[in-house]
Structures are given as C-alpha cells and as structure tokens.
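The basis for the numbers below is simple: all heavy atoms, side chains too, and nothing from hydrogens, waters or symmetry mates. Order of appearance sets the numbers: ligands from 1, and atoms from 1 within every ligand.
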Amino acid sequence: MKFFLNGLISVFFLFPVVALHAADVKVGEIALVAPHIRAMNSNAQVTSGYLQIHNQGAEPDQLLKAHSPQATRIEIHEMRVENDVMRMRPLEQGLELPAGAIVSLAPGGYHLMIFEPTAPLIAGEIFPIELHFAKAGTMSVDFAIKAIGKGKEATQHHDHQHDHNHDH
Ligand SMILES: [Cu+2]
C-alpha cells in the first residue's frame with residue numbers, strides 16, 4: 001500500500017514538472033533541452049540564456065543567430081579564461097554543432113547574451129527566443145525564466161525557488 005501511494009504521489013508531481021519543462025523542443029535533427037534564462041531585477045540591462053543543443057543528424061549544423069521580440073538584441077557568446085582573466089566574446093560566425101554532438105550553453109561557457117529585455121524577467125515566466133540554425137532553420141523556443149546565479153547566495157536563492165515551485 002505504501003508503495004502504491006508513493007507511485008500516486010510521483011504521478012501527481014510529474015504533471016507540474018512536465019508543464020515546466022514543456023519548452024524542450026525538436027525540429028529536424030536538432031533537439032533543444034532545458035532552455036532557460038536568468039531572472040533579473042527590473043532595471044538589469046543584460047541577462048544570459050542557456051540550453052543544451054543536441055545535433056542528432058549525420059551532418060554538422062550551426063546556430064547562426066538568435067532574436068527575441070522582447071529584447072533589443074541577442075548575441076551568441078563564448079566565455080573563457082585567458083591569462084587568468086575571464087573574457088566574453090561574440091561568436092560572429094555562430095556556434096558550431098558537430099554531427100551527433102551535444103553542445104551545452106551553460107554558466108562559464110557558451111551562452112546567449114540578451115541585451116535590454118523589454119519586460120521584467122520574473123522567475124516562473126516564459127521568455128520567447130527565435131533560434132536560427134543553418135540547416136534546421138528557425139525555431140521559436142520558450143525559455144523558462146529561472147532564479148539562477150553564481151556563488152553561495154545565488155545557490156541559496158536557487159534552492160529557495162525550488163522549495164516554492166516543486167519543479168524537481
Ligand atoms: Cu556574454
């Protein structure tokens with residue numbers, strides 16, 4: 001009976017989880033996993049977007065550019081340490097997606113740099129971004145706005161957020 005109840009509870013909590021992660025999409029050979037952006041306070045001029053891009057095809061593809069109706073502009077950035085200094089630079093040629101590879105846009109590495117969002121970025125809401133791929137074409141993706149950040153304080157905020165949203 002206990003096992004049965006646990007099963008019921010799991011199923012019950014599965015639905016909100018599925019709803020929150022419904023933004024996972026696939027077009028052609030490109031699968032996008034967990035697209036999300038960092039929530040910011042209302043006067044922030046910039047934020048970053050993250051996701052995993054899985055090129056399931058036999059041919060390489062490329063993320064060429066990104067655009068949102070809710071931001072002035074979006075650039076594809078690379079972040080890396082050069083001479084002990086963390087540097088960001090735009091990938092003018094786009095982001096290479098080798099055949100079969102999973103390319104992660106994640107804190108400390110590749111990311112979408114979102115300039116001047118036109119509305120407050122509130123955790124739990126959705127931010128639309130169009131991604132333009134060389135072969136797979138253009139897809140509109142709902143990025144989940146999440147309270148994420150760096151360092152201890154940010155981690156605590158993150159956990160706090162989870163407690164309220166039950167999204168894990
Ligand atoms: Cu950047």
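Closest to the Cu ion (ligand 1) among the N, O or S atoms of His77 is ND1.
Counting only distance, with no hydrogens or angles, the side chain of Asp61 and the backbone of Ala134 share a donor-acceptor pair below 3.5 Å.
Met79 lies apart from the Cu ion (ligand 1) in this respect, since none of its N, O or S atoms is found at a distance under 2.8 Å. At least one N/O/S atom of Met113, whether from backbone or side chain, sits less than 2.8 Å from the Cu ion (ligand 1).
Residue Phe133 places its CZ atom among more than 12 non-hydrogen atoms of other residues, nucleotides or ligands, all under 6.0 Å distant. Within a 6.0 Å sphere centred on CD of Glu82, heavy atoms belonging to other residues, nucleotides or ligands number more than 12.
Ring-centre distance between Phe143 and His36: not below the 6.0 Å cut-off.
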